[in-house]
Amino acid sequence: MNINFKYKINDYSLYEVAEINSTNTYFKDNYDKYSDKSILIALRQTAGRGRIDHVWVSENDLTFSILFNSKQNYQLPALAVLEALKEYNIDTKIKWPNDIFYNNMKICGILIEDIYLDKFYASIVGIGINLTDKEEFNVKNLNKLYDIDKYELLSKIAINYDKISELNDLKRLKLYKENSLVLNKKIIYNGSIYNVIDINEDGSLKVEKDGILCDISYGDIELMSVNYK
Ligand code: BTN
């Protein structure tokens with residue numbers, strides 16, 4: 001396995017590997033060898049991982065991880081991807097917590113993993129973006145996404161990541177809410193249907209069922225109106 005330094009994107013250092021099991025797994029095992037804001041892009045992942053033990057299938061797509069020395073808010077990478085895609089006039093929405101949807105299809109998944117041993121060491125933000133069809137996940141007709149140069153998109157994401165990092169918590173939450181796919185929608189969580197009333201300051205969902213309010217802070221939700229995996 002050959003990992004090569006490619007170039008800098010502002011103060012990010014971009015490394016590339018032709019094939020690897022998972023860029024997140026690599027940074028988890030080697031976090032102490034890389035500096036803050038190192039990015040590893042893989043042309044192919046053989047064991048891409050998703051949230052909640054899902055697998056992430058990709059081929060000729062954009063798959064990379066960014067290593068940070070500080071904790072990362074889960075909304076940040078989702079907003080960075082959304083804003084970067086806006087620069088191609090591609091309008092997307094965020095399904096809580098940080099999936100990106102385009103025309104009701106999941107085109108991007110984000111896996112954030114923190115490294116805690118005796119203390120916090122690093123946060124790894126893994127991002128997978130579908131730039132090709134995935135029939136098995138009902139991802140097709142990606143239109144403008146097919147033409148995107150993945151290195152250019154990666155640079156745009158890094159630059160937007162920095163811009164959004166500068167927003168205070170309330171401004172970031174406002175932007176997140178404006179681009180939410182689930183706010184004021186009906187969702188299914190653990191087999192029950194809820195109305196999403198708000199997104200709390202701590203990032204959890206405020207939901208309502210039979211007049212009772214509660215918060216959802218972890219797990220997978222499904223939208224009532226969207227058919228996807
Ligand atoms: C999800 O939707 O469940 C999250 C998917 C995250 C996939 C990316 S691809 C780059 C990085 N390496 C991995 O193994 N996973 C993340």
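Order of appearance sets the numbers: ligands from 1, and atoms from 1 within every ligand.
Scanning Tyr26, Trp56, Phe27 for the heavy atom closest to atom 5 (C) of ligand 1 points to Trp56.
Defined by atom type and a distance below 3.5 Å, a donor-acceptor pair is present between the side-chain atoms of Asp215 and Asn200.
Under 4.0 Å from ligand 1, the heavy atoms of Ile110 that appear belong solely to its backbone.
Of all atoms in ligand 1, listed by their number and element, those nearer than 4.0 Å to a heavy atom of Gly48 are 14 (O). When each atom of ligand 1 is checked for a heavy atom of Gly50 under 4.0 Å away, the hits are 1 (C), 3 (O), 4 (C), 5 (C). With ligand atoms numbered from 1 in the order given, ligand 1 contributes 8 (C), 9 (S), 10 (C) to contacts under 4.0 Å with heavy atoms of Ile127. Every atom of ligand 1 is numbered from 1 in the order shown, and the set under 4.0 Å from a heavy atom of Gln45 is 9 (S), 10 (C), 11 (C), 12 (N), 13 (C), 14 (O). In summary, the atoms of ligand 1 found under 4.0 Å from a heavy atom of Arg49, numbered by their order in the structure, are 5 (C), 6 (C), 7 (C), 13 (C), 14 (O), 15 (N), 16 (C). The distance from ligand 1 to the heavy atoms of Thr63 drops below 4.0 Å at these ligand atoms: 9 (S). Short contacts between ligand 1 and Arg51, defined as distances under 4.0 Å to a heavy atom of the residue, involve ligand atoms 1 (C), 3 (O), 4 (C). Counting the atoms of ligand 1 from 1 in the order shown, those under 4.0 Å from a heavy atom of Ser65 are 11 (C).
Using a 4.0 Å cut-off between a side-chain N of Lys or Arg and a carboxylate O of Asp or Glu, Asp133 and Lys140 do not qualify as a salt bridge. Checked for salt-bridge contact, Lys28 and Glu113 meet the test: a charged N lies under 4.0 Å from a carboxylate O. Here Asp220 pairs with Arg51 in a salt bridge; the nearest charged N to carboxylate O distance falls below 4.0 Å. Using a 4.0 Å cut-off between charged nitrogen and carboxylate oxygen, Asp198 and Lys177 count as a salt-bridge pair.
You'll find the ring centres of Tyr34 and Phe68 outside the 6.0 Å limit.
Looking at ligand 1, you won't find any N or O of His54 less than 3.5 Å from one of its N or O atoms.
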Quiz prompt | Tyr121/Tyr31 under ring-ring contact (aromatic ring centres under 6.0 Å, His included): CA gap, chis, key distance, verdict | solution = CA-CA 8 Å; Tyr121 280 91; Tyr31 69 91; 5.7 Å; yes
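Of the protein's non-hydrogen atoms, the one nearest atom 2 (O) of ligand 1 is Lys106 NZ, 2.5 Å.
No donor-acceptor distance shorter than 3.5 angstrom exists from the side chain of Ser192 to the backbone of Ile188, with no hydrogens or angles considered.
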